[in-house]
Amino acid sequence: MNNYSKIEINLIEWFNKNKEPWFFRKDRTPYKVWISEVALHQTRINAALEPLKRFLTIYPNVHSLAKSTEEKVMNAFRGLGYYNRAKNLLRGAVYLEKYYDGIFPDTFEELIKIPSIGSYTAAAILSICFQKKIGVLDGNVKRILSRLLFIEKEINDISFIKTCEKFQNSLFSQIKLNSGDLNEAFMELGQKICTPKNPDCDNCPISDFCFAQKKNKQNILPIRKTKKENITVDWHFFILHYENKFLIQKYNSFCFLKHHWGFPSFSSFENSNENKYSFDNINELTFLKKNNYIESKSLKPIKHSITHHKITMHTNILNLNKVIKNNENLLWVNENEITKYLTASAMIKVWRAFKNN
DNA sequence: AAGTCGGGGAA
DNA sequence: TTCCCAGACTT
């Protein structure tokens, strides 16, 4: 038996003993695998479980998703972050309806043309749903292979990827068991054993084949690009209160959370004197210039982060004595309606802080 | 090839 | 607290 076979058998055996009974592993239709994989991109499984369940309940199939709207899909995706994924899921569903009558194709070339499906998601769908012999290459697998094969190239370097793909082609071309299981085994190994820090090599089913482990260098791999420096940001929100309503607006061209609904706000950045406003024209919100409010109050600042921005959120509550006119980007809503509009975690944090105040 | 986009869990 | 990372798209 060659090493590829041993790796396959050891991994599958380990997976059968240790796999988690995630709900999204029960019904492996291409649609559910697609949505699940996209929801799990760049996020921890535990954090994604409830939002994913909710999304699949609201949109149980391609057709229901395809006929929805961007705003509703983003709200169904709330809590998961990277909301372009939600918009791309909608685009993907529309594309599937238009070109495939809602039925998933089963080739790599066709799948990656669908919005939101890249090489990772295509390989996941092909192996899990169609038993195609193709390896997925996500962050987990890259980390494992960097150690297993001792790849000292920077992760995502073209030669790093080539080395991984060459190994996977050899492994999967001679696979005897289920290729979807083998892919999931790799990823779950990355979550539980071959972790970013302090991998648990003693309990690793393939440590006998791991070159990094032989050299005791598993902790220095994979090699990553030096990360972008954090930027400190102060983000000021205005909760405008008039009778029973609150003013929210669409962030069409703001620096954060584009296309989300939120409270009128502006950000100030370190090393910059220029503030970014969530409203296009400062005259839209005359309260900032004139004293149109009866009383104001501030909440305790809240910490938040968006990619490399370290944000302190400041909330000002203003009780107005006259209403600011609506336009398409400004909306007065009551407490019950507002939760339908607030999608991003940052905004929900602000709203909760206000409610608990 | 590089920039962008959220969020929470681990250390 | 700080650090870390489970892709795809646009330019």
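Naming: A, B, ... by sequence-line order, numbering from 1 per chain.
Residue contacts shown for A:N88 are limited to sugar-phosphate atoms, with no base heavy atom under 4.0 Å away. The residue A:G190 sits apart from the nucleic acid: no heavy atom pair falls under 4.0 Å. Residue-level contact check: A:Y83 touches the backbone only, with heavy atoms under 4.0 Å from sugar-phosphate atoms and none from bases. Note on A:E37: nothing from the nucleic acid sits closer than 4.0 angstrom, heavy atoms only. Using a 4.0 Å heavy-atom criterion, one finds that A:L257 contacts the sugar-phosphate atoms exclusively.
Closest heavy-atom contact between A:S5 and A:K176: OG-NZ, 4.1 Å. Here the closest heavy-atom approach between residue A:A124 and residue A:V136 is recorded as N-CG1, 3.4 Å.
The nearest whole Å value for the distance from the NE2 atom in A:H259 to the P atom in B:dT4 is 16 Å. We find that CD1 of A:I231 is positioned 8 Å from P of B:dT4, with the value rounded to whole Å. Between the P atom of C:dC9 and the OH atom of A:Y82 lies a distance of 14 Å, rounded to the nearest Å. Going from atom CG of A:L342 over to atom P of B:dG7 covers 12 Å, rounded to whole Å. Straight-line distance from the CD1 atom of A:I155 to the C1' atom of C:dC4: 12 Å, rounded to whole Å. At whole-Å resolution of the value, CZ in A:F256 and C1' in B:dG7 are 14 Å apart. Straight-line distance from the CZ atom of A:R352 to the P atom of B:dG7: 12 Å, rounded to whole Å.
For A:H260 and A:Y83, the ring centers sit closer than 6.0 Å to each other. The aromatic ring centres of A:F104 and A:F130 sit 6.0 Å or more apart. In this structure, A:Y4 has its ring center closer than 6.0 angstrom to the ring center of A:F167.
Under 4.0 angstrom from either OP1 or OP2 of B:dA10 there lies no side-chain N or O belonging to A:K197. Dashed line: the shortest gap from a side-chain N or O of A:H304 to OP1 or OP2 of B:dG7 is under 4.0 Å. The shortest distance between the side-chain N/O atoms of A:H41 and the OP1/OP2 oxygens of C:dA8 is below 4.0 Å. Taking side-chain N and O atoms only, A:K258 has a distance below 4.0 Å to OP1 or OP2 of B:dC5. Checking the phosphate oxygens (OP1, OP2) of B:dG7, a side-chain nitrogen or oxygen of A:S345 falls inside 4.0 Å.
Listed for the A:E270 side chain is a donor-acceptor partner under 3.5 Å among the backbone atoms of A:T232. Using a distance-only test at 3.5 Å, with no hydrogens or angles considered, a donor-acceptor pair links the side chain of A:E337 to the main chain of A:N334. Side-chain atoms of A:N319 do not come within 3.5 Å of backbone N or O of A:L240 as any donor-acceptor pair.
Contacts between residues 115-150 of chain A and DNA chain B, defined by a heavy-atom separation under 4.0 Å, are absent. Within residues 46-63 of chain A, the residues approaching DNA chain B are A:A47, by heavy-atom distance under 4.0 Å.
Relative to the ring axis of A:F209, A:K6 does not place its NZ or CZ within 45° and under 6.0 Å from the centre.
With both ends at atom P, the span from C:dA6 to B:dA11 equals 14 Å, rounded to whole Å. Remark: the separation of the C1' atoms in B:dG6 and C:dC3 is 16 Å, to the nearest Å.
With C:dC9, C:dA6, C:dC3 as the candidates, the nucleotide lying closest to the side chain of A:R91 is C:dC9. Checking B:dC5, C:dG7, C:dA6 against every side-chain atom of A:Q42, the shortest atom distance belongs to C:dG7.
Each of A:F266, A:F254, A:F269 was evaluated against A:W235; a single residue qualifies, A:F254, per the ring pair (Phe, Tyr, Trp, His ring centres under 6.0 Å) test.
With DNA chain B read from its 5' end, the first of the two nearest nucleotides for A:I306 and A:K225 is the one closest to A:K225. Between A:N198 and A:A344, the residue whose closest nucleotide on DNA chain B is further toward the 5' end is A:A344.
Side-chain contact between A:K153 and A:T163: absent, with no pair of heavy atoms (C-beta onward) separated by less than 4.5 Å.
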